[in-house]
Amino acid sequence: MDLDKTYQANLYEKDIYNLWLKNNAFKADPMSNKEHYSISMPPPNETGTLHIGHALFLTLQDILIRYHKLRGYDTLWLPGTDHAAIATNAVIEKKLTEQGINKHQIGREKFIQITKEFVGNSRETIIKQTKAMGAAADWSRLRYTLDEGLSRVVSEVFVKMYADGLIYRGNRIVNWDPKLETNVSDDEVLYQTEKTKLYTFKFGPFEISTTRPETKFADKYIVVNPKDKRYLKYKHLQTFEVEWLNGKTQATLIKDESVDPNFGTGAMTITPWHSLVDFELANKYSLDMEQVIGLDGKLLSVAKEFEGMDIIKARPKIVQKLKDKGLLISIQDDYEHSLATNSRGGGIIEPQIRLQWFIDVNKKTIDWKGQKNSFKEILQRVIREGDIKIIPKRFEKIYFNWINNLKDWCVSRQIWWGHQLPVWYKEDKIYVGLTPPEGGDWKRDQDTLDTWFSSSLWTWSTLLDPNLTTDCSLTLDEIIARSIDFKTYHPTNVLETGFDIIFFWVARMILSTTYVVKQVPFKEVFLHGLVKTETGKKMSKSDPDSIIDPLTVIEEYGADALRLSLIQGLAPGQDSKLGKTKIITNRNFCNKLWNISRYIEDKLDFNSTLRIESAADNWIIFKLNLAQKNFQKAIDKYQFSEAYQIVYHFLKDQFADWYLEVSKIEKNYSLLSYVYKQLLILIHPLAPFITEVLWQKGIKSQSTELLINQTYQEPIISSPTEENNFDIIIKLVTEIRHIKKELNLNKLTIFSEAPLILKNKETIQKLAQIKIQNESISENKISLTINQVSVDLDINDQLVSNYLLKLTQKLDKQTQLVESLNKRLQNKSYINNAPNHIVDETKQHLAEEVHNLKIIQDDIKLFSKS
RNA sequence: GGGUGAUUAGCUCAGUUGGCUAGAGCAUCUCGUUUACACCGAGAGGGUCGGGGGUUCGAGUCCCUCAUCACCCACCA
């Protein structure tokens, strides 16, 4: 096959991926008799480019898919992209703004057209990049959240929820983003601490503090704690005449426990229209609510001369007015508070009361395992009852905590990009359905759905047959019942994703899926952490140097090196670090495999009968079986890092360092070829490209199959005695190398009559770089015994004293060890309490160490004499 | 305010029912060009497992407590 001296990944990876595609290697087969294994790929935003987070989830899921293929499963890894409503909308609006265009100037239709064009180009990019990672995804089943079929399902579910009374329309306070002109869910709000001014004003007989004077125009309720002694003289609902921003006004006192008497003066005024807490308080006492700030972030007519002014600009002027009126008491400068922002590229959140659509999470009307439950209850039950297992387990606690605080989910958004609500209005009538009722002028709701509403259907809506979902004569239940992929692959086996979207996505998928299809969406959830820089910093767009671009790494070092680096040291749910040194180490690992192949290439032999002859043969077969077994155990438990370590040590420490070296003496090429072949299969899930390259170049000539389509074979049995013999040889050779190094010897002769040594004479001579004779030739000798096999090392006079010193040091250590073991065995509580096998092990261990001690003592005696 | 995680060799981390003298990789030091590999091989040094206390025959592992760092949730007049 004639390989280059080093592995150049970029010369091969594209061709290998195309080879897999050409052979339909990723394609799932629901008709297969094999067991089925499926994963839904978390759909990346189609506007994005591949970042290191994608690279991580692609690697982990690809390992699981390829591993299960090797285990003999029919696998489905279903890929897709997400329309990412708000995020995409924000990107387009930003682009328009750069061109000096406001979206209202071009209108909804044109806006959507522009978005579609942009998204169309962008989608190709992310798919191409996904392929560069080696993803064994079934591209024939590629889905997109705005596909016709998926969109229909989204509407169907909305209609169904409405019919079941689980979706309602109501006036509630929502998180309004004036920049993107939409409301967003609680989970999308990001709080950032900032320092601001805290103003204290006189309000009738009270002093009240605020960070937002601009919201205060309509304030006419003062709230205090009923236990607050300062205000005992006033009664609940007592009214006061108050001089305020717009002159004299009537204010009412409310006494409520929710006020903290220790904060400031213990008195505050409320602004129900623009604060969640105030809104709830106002609801409790049926208080008036008045809007002060418009949806555009500008003051309304209640602000009189400030009407139309931007709130931030108006603030100092309003403070000045209050000061002029003699109402300003103090200003505290560095008051710390949290500022709510829209995490999806939007602006500063302004709470507003709006008529919106909500999903009721508390209504107990949903059938689940024969009981009527609320969404909240089902979300809790599936975890508690073990239908879904979250790995690592500690996230279950976080999940439950989130559910306990869950409020009704606001699903309507005012952006244009997304699934429009299937809601129609005519005069004061509302109709919810896929198409408007016959007759009359029904107008469709202009709002779109929260992007997570469609994502929450992902595991099953993507498995519905597109030919059925676009057939209007079928009901949703009929489509579900007739879709073969759905029957075969749902529930999916595992959801692998980042812990940061456990609420957005994981919980909501459980919510929608249990409700519509009466199944859990997945049986297990594996959560990974964040990939951070080498120094443990978050990679962020604002600091371009901190970002590791997976595509650059792939180009320079190969996708395999990147994949290995991402799983090395990875622990479930834990952040991991990635840097250049790690990537280079793993590139070197690939190169090691490459060079093993270079050595083996002209020795490959799959025609001769497989024979296990030497001690080394038995040993390598034993180690191979062990590595395979432990590798499978590790992957089954999602211990990716552990799995890599097993492969790493088998390849380097066992196969390359020992077996390959031995094979230069004892030529058993059929077994060498067998082990090499199994080695490629073993490594393949972790490093698919290089292993397939080598398979194609080396092993393909003997078979027509692709490596990706192999399955694990039954292990070959090896002899434990022979395997143990090679362990003795390893220990012996290592010890001789050590002594040679310690004594600075270039040449060394040893003599031994042990059959094991004589039988493996050539091998040991080569490995330890020594000469072996079977007759004693010298007076000065170091005796070495490993598991009852003894050899004598011939050394000259000058080295004796040198070695004696080393021996004395060794004696100290050995004596201590024997003493501590003795002490333990003399401890009666230990003998009585410890399990028998532990005590027996200790006894055996002691016997060995005593024997070793005696050898050292004998040596010292011998050298001291001479 | 509530919660979670981390703390083991210079660095990055394993150590999964408590049990052999606590392990890797990288880095460091020494030596080395032999049927693939210097993106290599051989050998070595380096740890009172964050501090304190407890349970136990036995603790890196379990419990309590403190400290530092990171993150999440809630509140914020």
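Numbers restart at 1 for each chain; the letters A, B, ... are given by sequence-line order, proteins then strands.
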Asks: Determine the interatomic distance between P on B:G50 and the same-named atom on B:G60; round to the nearest Å.
Replies: 10 Å

Asks: Once you apply a heavy-atom cut-off of 4.0 Å, does A:D575 come out as touching a base, just sugar-phosphate, or nothing?
Replies: nothing

Asks: For the residue pair A:N746 and A:Q769, confirm or rule out a side-chain donor-acceptor distance under 3.5 Å.
Replies: no

Asks: Could you note down all residue pairs passing salt bridge (charged side-chain N to carboxylate O under 4.0 Å, His left out) where residues 566-584 of chain A supplies at least one of them, sequence neighbours left out?
Replies: A:K532-A:D575

Asks: With a 4.5 Å heavy-atom cut-off, do A:L694 and A:Y676 have their side chains touching?
Replies: yes

Asks: Quick one: label A:K828 by what it contacts on the DNA or RNA (base, sugar-phosphate, nothing), any heavy atom closer than 4.0 Å.
Replies: nothing

Asks: Sequence neighbours left out, what passes salt bridge (Lys or Arg N to Asp or Glu O under 4.0 Å) with A:R212? Give chain and number order.
Replies: A:E214, A:E350

Asks: Categorize A:T211 for me: base, sugar-phosphate, or nothing, with a 4.0 angstrom heavy-atom threshold over every strand shown.
Replies: sugar-phosphate

Asks: Is A:K766 close enough to B:U35 that one of its side-chain N or O atoms is under 4.0 Å from OP1 or OP2 there?
Replies: yes

Asks: Considering every strand and a 4.0 Å limit on heavy-atom distances, what is the contact class for A:T734: base, sugar-phosphate, or nothing?
Replies: sugar-phosphate

Asks: Kindly write out the residues that satisfy salt bridge (Lys or Arg N to Asp or Glu O under 4.0 Å) with A:K810, not counting sequence neighbours, or none if the list is empty.
Replies: A:E735

Asks: Give a yes-or-no answer on whether the side chains of A:T763 and A:E666 include a donor-acceptor pair shorter than 3.5 Å.
Replies: yes

Asks: When rounded to the nearest Å, what value does the distance between P atoms of B:C64 and B:G47 take?
Replies: 32 Å

Asks: Using a 3.5 Å limit on both distances, find every run of at least three consecutive Watson-Crick or G-U pairs that involves RNA chain B.
Replies: B:1-7 with B:67-73, B:10-13 with B:23-26, B:28-32 with B:40-44, B:50-54 with B:62-66

Asks: On a whole-Å scale, what distance lies between the P atoms belonging to B:G18 and B:G58?
Replies: 15 Å

Asks: For A:H337 and B:C76, give me the distance from atom NE2 to atom C1', rounded to whole Å.
Replies: 9 Å

Asks: Without decimals, in angstroms, what is the distance between A:E661 CD and B:C40 P?
Replies: 15 Å

Asks: Quantified in whole Å, what is the P atom distance between nucleotide B:A6 and nucleotide B:C62?
Replies: 10 Å

Asks: Under 4.0 Å, counting only non-hydrogen atoms across every strand here, what does A:K592 touch: a base, just sugar-phosphate, or nothing?
Replies: base

Asks: Side chain of A:Y599: nearest nucleotide among B:A36, B:C75, B:C73?
Replies: B:A36

Asks: If I take atom CZ in residue A:R737 and atom C1' in nucleotide B:C31, what distance separates them, rounded to the nearest angstrom?
Replies: 13 Å

Asks: What is the nucleic acid contact for A:K843, judged by heavy atoms within less than 4.0 Å: base, sugar-phosphate only, or nothing?
Replies: nothing

Asks: To the nearest 0.5 Å, how far apart are CD in A:E819 and CD in A:Q814?
Replies: 11.0 Å

Asks: May I ask you to say what A:T842 touches in the nucleic acid, namely base, sugar-phosphate or nothing, with a heavy-atom cut-off under 4.0 Å?
Replies: nothing

Asks: Once you round it to whole Å, what is the distance between P of B:G41 and CG of A:L660?
Replies: 12 Å

Asks: Excluding sequence neighbours, so at least two apart, what forms salt bridge (Lys or Arg N to Asp or Glu O under 4.0 Å) with A:K284?
Replies: A:D256

Asks: At 4.0 Å (heavy atoms only), tell me whether A:Q844 reaches a base, stays on the sugar-phosphate, or touches nothing.
Replies: nothing

Asks: Within the 3.5 Å criterion, strictly below it, is a donor on A:T269 or A:K216 matched to an acceptor on the partner's side chain?
Replies: yes

Asks: Could you tabulate the donor-acceptor pairs under 3.5 Å formed by side-chain atoms of residues 648-658 of chain A, not counting sequence neighbours?
Replies:
{"from": "A:Y648", "atom 1": "OH", "to": "A:K652", "atom 2": "NZ", "distance (Å)": "3.4"}
{"from": "A:H649", "atom 1": "ND1", "to": "A:Q645", "atom 2": "O", "distance (Å)": "3.1"}

Asks: Taking only residues at least two apart or on different chains, which pairs with a member in residues 554-567 of chain A satisfy salt bridge (charged side-chain N to carboxylate O under 4.0 Å, His left out)?
Replies: A:D62-A:R563

Asks: Determine the contact category for A:L198: base if any of its heavy atoms lies under 4.0 Å from a base atom, sugar-phosphate if only primed atoms, P, OP1 or OP2 are that close, otherwise nothing.
Replies: sugar-phosphate

Asks: With sugar-phosphate meaning primed atoms plus P, OP1 and OP2, does A:I208 contact a base, only sugar-phosphate, or nothing at under 4.0 Å between heavy atoms?
Replies: nothing

Asks: Taking atom P in both B:U56 and B:G51, what distance in whole Å separates the two?
Replies: 23 Å

Asks: In chain order, what residues pass the salt bridge (Lys or Arg N to Asp or Glu O under 4.0 Å) check against A:E524, with sequence neighbours excluded?
Replies: A:K389

Asks: Given atom NE2 of A:H274 and atom C1' of B:C76, what is their separation to the nearest angstrom?
Replies: 19 Å

Asks: Please enumerate all residues that pass side chain to side chain donor-acceptor pair (under 3.5 Å) together with A:E13, with sequence neighbours excluded.
Replies: none

Asks: For B:C40, does OP1 or OP2 lie under 4.0 Å from any side-chain N or O of A:N591?
Replies: no

Asks: Of all residues at least two apart in sequence or in a different chain, which pass the ring-ring contact (aromatic ring centres under 6.0 Å, His included) check with A:Y399?
Replies: none

Asks: For A:Y191, which contact category applies under a 4.0 Å heavy-atom criterion: base, sugar-phosphate, or nothing?
Replies: base

Asks: What's the closest nucleotide to the A:H738 side chain, out of B:U4, B:A44, B:C75?
Replies: B:A44

Asks: Are any protein N/O atoms closer than 3.5 Å to N/O atoms in nucleotides 47-49 of chain B? If there are, list each pair with its distance.
Replies:
none

Asks: Classify the nucleic acid contact of A:V223 as base, sugar-phosphate or nothing, counting any heavy atom under 4.0 Å across all strands shown.
Replies: nothing

Asks: In whole Å, what separates the C1' atom of B:C57 from that of B:U16?
Replies: 24 Å

Asks: Under 3.5 Å, is there an N or O donor on one side and an acceptor on the other linking the side chain of A:K532 and the base of B:A70?
Replies: no

Asks: What nucleotide, of B:A6, B:U16, B:G3, holds the atom closest to the side chain of A:Q574?
Replies: B:A6

Asks: Calculate the interatomic distance between A:W594 atom CH2 and B:C39 atom C1'; express it in whole Å.
Replies: 14 Å

Asks: Using only atom types and a distance under 3.5 Å, with no angle test, would you say the side chain of A:Q765 pairs donor to acceptor with the backbone of A:I772?
Replies: yes

Asks: Let's see if you can work this out: which of B:G43, B:G5, B:C75 has an atom nearest to the side-chain heavy atoms of A:R394?
Replies: B:G5

Asks: So what does A:K5 hit on the nucleic acid, given a heavy-atom distance under 4.0 Å: a base, only sugar-phosphate, or nothing?
Replies: sugar-phosphate

Asks: If we take the C1' atom in both B:C31 and B:U21, what is their distance in whole Å?
Replies: 27 Å

Asks: Using the P atom as the point on both nucleotides, what is the distance between B:A22 and B:C66, in whole Å?
Replies: 31 Å

Asks: Is there a donor on the side chain of A:E534 or the base of B:U12 sitting less than 3.5 Å from an acceptor on the other?
Replies: no

Asks: At under 4.0 Å between heavy atoms, which parts of nucleotides 17-28 of chain B does protein reach? Answer with one letter per nucleotide, 5' to 3': B base, S sugar-phosphate only, - none.
Replies: --BBB--SSS--

Asks: Take atom CZ of A:R598 and atom P of B:U35, then tell me their distance rounded to the nearest Å.
Replies: 14 Å

